[in-house]
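Below: the structure, in structure tokens.
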Amino acid sequence: MLTQAAHQAQKSGNLPAVTLPEVVVERPQNPEHGDYASSLPLKLARATGVNPLTIAEGMAGLIGAATEIDNIAVAPPGFINFTLKSDWLASQVDSIRQAGDAYGNIDLGQGSRVQIEFVSVNPTGPLHVGHGRGAILGSTLANMLVAGGYRVEREYYINDMGNQIDVFSRSLYARYQQCVNIDVEMPSDGYFGDYMVDLAKEIMAEEGDRFLALSESEAVPRIGQLGLDKMVKQIKEDLELVGVSFDVWFSERSLYDNGQYEKVISLLRRGGHIAEKEEANWFVSTALGEDKDNVVVRGDGSPTYFASDIAYHYNKFIERKFDRVINIWGADHQGHVSRMKTVVGALGIAPERLEVVISQLVTLRRGEELVRVSKRSGDIITLREVVEEVGADACRFFFLSRSADAQMDFDLELARKESPENPVYYVQYAHARIASILRLAQERGIDWGDGDVSLLTTEPELALIRQMMRLPEIVELSAQTLEPHHLTYYAQDLATSFHSFYKQCRVVSKDEALTRARLKLVEAAKLILAKTLHLMGMTAPEKM
RNA sequence: GCGCUUGUAGCUCAGUUGGAUAGAGCGCAGCCCUGCGGAGGCUGAGGCCGUGGGUUCGAGCCCCGCCAAGCGCGCCA
């Protein structure tokens with residue numbers, strides 16, 4: 001509409017012919033400014049030198065009547081404000097009920113394929129809270145992208161080879177021997193956490209001492225493999241506790257078994273991106289504007305993890321042909337981002353197709369008291385401990401409520417509280433409250449299927465509808481910016497609009513027609529609340 | 001030293017990609033139950049948006065400098 005009006009103005013000569021800026025329509029913060037607003041005249045003023053207010057007035061006059069629009073107003077310094085018709089707003093209640101679960105889904109992605117890889121923690125130890133943040137972020141982002149019309153695959157990359165696995169295997173072998181009181185030293189760079197002792201005991205219980213008969217060089221990899229399988233299984237279980245699951249568990253080792261590694265290295269070599277220096281093979285990223293080169297193949301011929309990552313991304317883009325690839329990495333990997341993008345570019349893939357979301361550090365607190373999260377053995381707070389303490393829903397909501405690139409405090413005391421201080425309950429309570437109203441209506445035998453939504457005319461009712469209609473916008477915003485934290489704020493706004501409506505408008509009353517209309521409204525609100533909660537991977541309780 | 005991220009109300013944080021009077025939750029000071037769930041509603045106080053410049057009709061947002069915090073800068077992952 002705005003574009004049309006601008007073009008018309010240009011045709012009639014009232015506006016100089018300049019290329020239009022991107023037409024942006026936004027929701028004003030102040031409700032007095034209508035439901036939607038555009039600052040297009042202000043933007044045009046710069047290019048044309050015409051007074052923005054004049055442009056706005058001219059354009060507003062050219063915008064034709066529409067069924068949805070009640071009023072178009074011009075406000076200084078040059079905004080055009082739109083107000084929606086209240087009967088059109090009310091009719092949206094029927095639309096929402098009809099769309100059901102699908103309301104809020106949009107076709108931003110147009111069915112393009114996006115892979116989202118997250119967590120991907122080395123299976124050498126249990127998940128801690130920082131990993132949990134990435135896990136919840138990733139799974140929610142995946143939900144958002146599905147709602148955004150993308151075909152999404154969730155993937156966990158298992159680092160099942162290399163240095164750390166060797167250390168892990170040797171550590172486990174030492175603990176295994178210690179189970180039967182053989183006096184051996186742990187490797188000095190080993191994994192000293194208590195879980196390694198438990199793991200060794202478990203293997204001893206299940207497999208007996210038969211590995212003692214083997215030579216060390218035979219026993220270490222076999223015990224290591226057993227331990228690794230167990231760790232992966234435990235990681236999988238811990239993730240399921242917070243509602244995180246994957247479509248694909250991808251083995252790093254498979255890249256070598258399937259020849260991806262050989263293929264990608266020779267590809268880089270042909271492109272002149274590999275140079276030999278001090279017996280090692282380097283990816284010469286300095287030639288592409290990076291700060292330094294990186295070793296791909298060590299002096300002893302073994303590949304670095306960077307080599308694996310190159311092969312892995314080659315596999316994602318070229319072999320599996322994803323349109324977009326999203327990686328969620330912890331803050332300690334951010335130095336890796338630009339060289340990864342550079343190498344993807346060197347493989348002839350547009351670097352924008354790789355997006356990396358960095359999930360920042362988490363500090364745990366109990367009220368005022370900081371909980372030390374030390375890397376030193378035994379001292380780590382695992383994800384499982386936190387979930388068991390505060391519950392999966394609260395855990396998810398709290399992790400989601402901060403943008404990924406901000407460090408956050410996680411207050412265990414607050415998350416655990418079942419009181420109004422805790423926003424998790426505020427939102428879920430709204431859902432349960434509606435469920436309770438609908439139960440009451442059912443008990444009284446009320447059938448609201450033919451309710452007349454045009455009876456919904458008061459401000460609290462319309463405000464609630466406006467709030468419900470924001471869901472598709474939130475989905476779009478979150479999917480576009482890869483920022484799911486908007487959901488938590490939206491969920492609270494939505495709950496607030498409902499609670500406020502509830503206080504002012506009696507739903508089940510003597511006025512039977514109005515009762516049926518309002519039952520439709522709250523049922524629609526329940527749908528939106530549930531959808532929002534489900535997008536965040538949370539439950540929508542019928543009772544609390 | 002270099003790179004990335006962060007700095008907004010007492011606390012924890014948003015801020016729709018440069019727009020209108022900077023918001024929310026908690027905390028604080030009050031008010032509201034003769035009705036569907038008070039795990040609720042309403043009102044109020046509280047701000048040099050780290051800091052100094054710049055860009056322009058307009059900056060919390062963009063550019064440069066500085067200060068502070070976190071992370072990274074291995075032939076570890």
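The structure displayed is predicted, hence computed values, not measured ones. Below, chain A is the first sequence line, B the second, and so on; all start at residue 1.
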Looking only at side-chain atoms of [X], point me to the closest of [options].
X        : options             : answer
A:Tyr429 : B:G15, B:G37, B:A14 : B:G37
A:Leu361 : B:C13, B:A20, B:C71 : B:C71
A:Glu278 : B:C42, B:A20, B:C75 : B:C75
A:His333 : B:A77, B:C36, B:G37 : B:A77
A:Met408 : B:C13, B:A77, B:G35 : B:C13
A:Arg365 : B:C11, B:G19, B:G37 : B:C11
A:Arg402 : B:A14, B:C71, B:C32 : B:A14
A:His485 : B:C76, B:G15, B:U12 : B:G15
A:Ala280 : B:C75, B:C2, B:G15  : B:C75
A:Val295 : B:C71, B:C75, B:U12 : B:C75

Item to check | Under-3.5 Å donor-acceptor pair between A:Tyr305 side chain and B:A77 base | outcome: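 A donor-acceptor contact between them is present.
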Item to check | Heavy-atom donor-acceptor pair, A:Asp493 side-chain to B:A14 base, under 3.5 Å | outcome: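 When only heavy-atom distances are counted, A:Asp493 does not reach the base of B:A14 through any donor-acceptor pair under 3.5 Å.
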Checklist entry - Does A:Phe410 have its ring centroid less than 6.0 Å away from the ring centroid of A:Phe398? => result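 Centroid distance A:Phe410-A:Phe398: below 6.0 Å, so yes.
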Next on the checklist: Measuring centre to centre across the rings, with the benzene-like ring taken for any Trp, is A:His431 within less than 6.0 Å of A:Phe498?
Outcome noted: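 They do not qualify: ring centres at least 6.0 Å apart.
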Who is the Watson-Crick or G-U wobble partner of [N], with both distances under 3.5 Å?
N     : answer
B:C73 : B:G1
B:G7  : B:C67
B:U16 : none
B:C48 : none

Would you say a side-chain N or O of [X] is under 4.0 Å from OP1 or OP2 of [N]?
X        : N     : value
A:Ser436 : B:G37 : yes
A:Tyr426 : B:G41 : yes
A:Lys292 : B:G74 : yes
A:Thr488 : B:A14 : no
A:Ser403 : B:A14 : yes
A:His336 : B:C4  : no

Should the pair [X]-[Y] be classified as a salt bridge under the 4.0 Å nitrogen-to-oxygen rule?
X        : Y        : result
A:Lys341 : A:Glu290 : no
A:Lys316 : A:Glu117 : yes
A:Arg269 : A:Glu262 : no

Heavy atoms under 4.0 Å, any strand shown: does [X] hit a base, just sugar-phosphate, or nothing?
X        : value
A:Ala430 : nothing
A:Glu542 : base
A:Gly162 : nothing
A:Gln428 : nothing
A:Ala331 : sugar-phosphate
A:Phe306 : nothing
A:Gln360 : sugar-phosphate
A:Asn81  : base
A:Gln334 : base
A:Leu440 : sugar-phosphate
A:His33  : base

Protein-nucleotide distance ([X], atom [atom1]; [N], atom [atom2]), rounded to Å:
X        : N     : atom1 : atom2 : answer
A:Arg339 : B:C2  : CZ    : C1'   : 14 Å
A:Ile358 : B:G3  : CD1   : P     : 18 Å
A:Phe498 : B:C42 : CZ    : C1'   : 17 Å
A:Arg133 : B:G70 : CZ    : C1'   : 12 Å
A:Asp409 : B:U12 : CG    : P     : 6 Å

Checklist entry - Got more than 12 heavy atoms from elsewhere within 6.0 Å of CD, A:Gln480? => result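 More than 12 heavy atoms, drawn from other residues, nucleotides or ligands, come within 6.0 Å of this atom.
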Next on the checklist: Apply the syn/anti split at 90° from 0 to B:U17 and say which one it is.
Outcome noted: syn
Checklist entry - Where does B:C4 fall, syn or anti, if syn means a chi angle no more than 90° from 0? => result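 Here the answer is anti: the torsion falls beyond 90° from 0.
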Next on the checklist: If you assign A:Ala432 and A:Glu473 each to the RNA chain B nucleotide with the nearest heavy atom, which residue ends up on the more 5' nucleotide?
Outcome noted: A:Glu473
Next on the checklist: If you assign each of A:Leu414 and A:Arg27 to its closest nucleotide in RNA chain B, which residue comes earlier from the 5' end?
Outcome noted: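 Going by which nucleotide is closer to the 5' end, it is A:Arg27.
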Checklist entry - B:A20 base stacked by A:Phe79? Criteria: ring centres under 5.5 Å, plane angle under 30°. => result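 Ring-base stacking flag set for A:Phe79 and B:A20.
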Item to check | Residue pairs involving residues 292-315 of chain A (criterion salt bridge (charged side-chain N to carboxylate O under 4.0 Å, His left out); sequence neighbours excluded) | outcome: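 Every pair satisfying salt bridge (charged side-chain N to carboxylate O under 4.0 Å, His left out) with a residue in residues 292-315 of chain A: A:Lys277-A:Asp293.
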Checklist entry - Step by step, would you call A:Arg439 with A:Gln442 a side-chain hydrogen bond (donor to acceptor under 3.5 Å, both in side chains)? => result CA-CA 5 Å; A:Arg439 274 196 302 272; A:Gln442 258 157 4; over 6 Å; no
Checklist entry - Can any side-chain N or O of A:Arg324 pair as donor or acceptor with the backbone N or O of A:Glu355 at less than 3.5 Å? => result no
